[in-house]
Amino acid sequence: MFLINLDHVGIAVNDLDAALEEYERQYRIQRVHRQVVKSQGVEEAMIAVGGSHIQLLQPLSDDSPVAKFLAKRGEGLHHVAYAVPDIEAALDHLRAEDVELIDDTPRIGGGDRRIAFVHPKALAGTLIELVESP
Ligand code: CMX
Ligand code: CO
């Protein structure tokens, strides 16, 4: 188990278009990839920042995890995503360490990559996403 990169930082927003406009105005961002990820209940925009990304997340429906987060806490930092070389091995390792997982098996996320979430109560109140990056 090792973390090879900070893949992205996820930020929950109410209005993706408005948030992207502000990122463009304030930080002159250029490379943006937008995608609807139905399995996660979000429309997301990936903004390239050096070797990593900012992921802006707008919920697709009121019962999605990001909608619940926005209702409870408002816009803000939602999760940190680390790249791992082998996601099954990473999940096996975390299970062996009794870390509470949200996903027992990987799901398909944006960019068709395999992802899995670790519960925020496992470590410092931070929702962690593992992304397989072989
Ligand atoms: N970061 C930190 N803590 C969070 C959190 C987050 N993003 N979301 C919820 N919590 C906390 C809540 O504050 C709450 O804490 P308290 O018990 O102290 O009040 C606790 O977790 C339970 O919160 P909840 O509102 O009852 O939310 P749920 O248990 O229904 O869901 C979670 C929380 C993390 C299990 C759920 O959001 C989830 O399954 N997330 C994984 C999937 C996901 O987030 N997808 C969107 C991103 C997609 C992508 O990156 O591609
Ligand atoms: Co993410």
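One-based numbering, in listed order, for ligands and for the atoms of each. What you are looking at is a predicted structure, and each value in this text was computed from that prediction instead of being measured. We're numbering straight along the sequence, starting at 1.
Listed by chain and residue number, Gln40, His79, Ile102, Asp103, Arg107, Ile115, Leu127, Glu129 satisfy the side chain to side chain contact (heavy atoms under 4.5 Å, CB included) test with Phe117 (two or more places apart in sequence, or in another chain).
Protein N/O/S atoms closer than 2.8 Å to the Co ion (ligand 2): His8 NE2, Gln55 OE1, His79 NE2, Glu129 OE1.
Here the CE atom belonging to Met46 is positioned 10.0 Å from the CD1 atom belonging to Ile54, to the nearest 0.5 angstrom.
For Gln30, the CD atom counts as loosely surrounded, since its 6.0 Å shell holds 12 or fewer non-hydrogen atoms of other residues, nucleotides or ligands. A 6.0 Å sphere centred on CG of Leu123 holds no more than 12 heavy atoms belonging to other residues, nucleotides or ligands.
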**Steps toward side-chain contact (heavy atoms from CB on, under 4.5 Å) verdict (Gln58, Val66)** = CA-CA 7 Å; Gln58 180 188 313; Val66 174; over 6 Å; no
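Remark: the backbone N or O of Asn14 is paired with a side-chain donor or acceptor of Glu75 at under 3.5 angstrom.
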Give every pair formed by an N or O atom of ligand 1 and a protein N or O atom closer than 3.5 Å, one pair per line with both atom names and the distance to 0.1 Å, or write none.
from: ligand 1; atom 1: 3 (N); to: Arg73; atom 2: NH2; distance (Å): 3.0
from: ligand 1; atom 1: 7 (N); to: His78; atom 2: O; distance (Å): 3.0
from: ligand 1; atom 1: 13 (O); to: Arg73; atom 2: NH2; distance (Å): 2.8
from: ligand 1; atom 1: 19 (O); to: Lys72; atom 2: NZ; distance (Å): 3.4
from: ligand 1; atom 1: 25 (O); to: Lys72; atom 2: NZ; distance (Å): 3.4
from: ligand 1; atom 1: 30 (O); to: Lys68; atom 2: NZ; distance (Å): 2.6
from: ligand 1; atom 1: 45 (N); to: Gln40; atom 2: OE1; distance (Å): 2.8
from: ligand 1; atom 1: 50 (O); to: Gln55; atom 2: OE1; distance (Å): 3.1
from: ligand 1; atom 1: 50 (O); to: His79; atom 2: NE2; distance (Å): 3.0
from: ligand 1; atom 1: 50 (O); to: Glu129; atom 2: OE1; distance (Å): 3.0

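Annotation for Phe69: hydrophobic cluster partners, listed by chain and number, are none (ILVMFWY side-chain heavy atoms under 4.5 Å, direct or chained).
Residues Val84 and Val80 share a single hydrophobic cluster, defined by chaining ILVMFWY side chains whose heavy atoms lie under 4.5 Å apart. Leu60 and Val13 are not part of a single hydrophobic cluster, where members link through side-chain heavy atoms under 4.5 Å apart.
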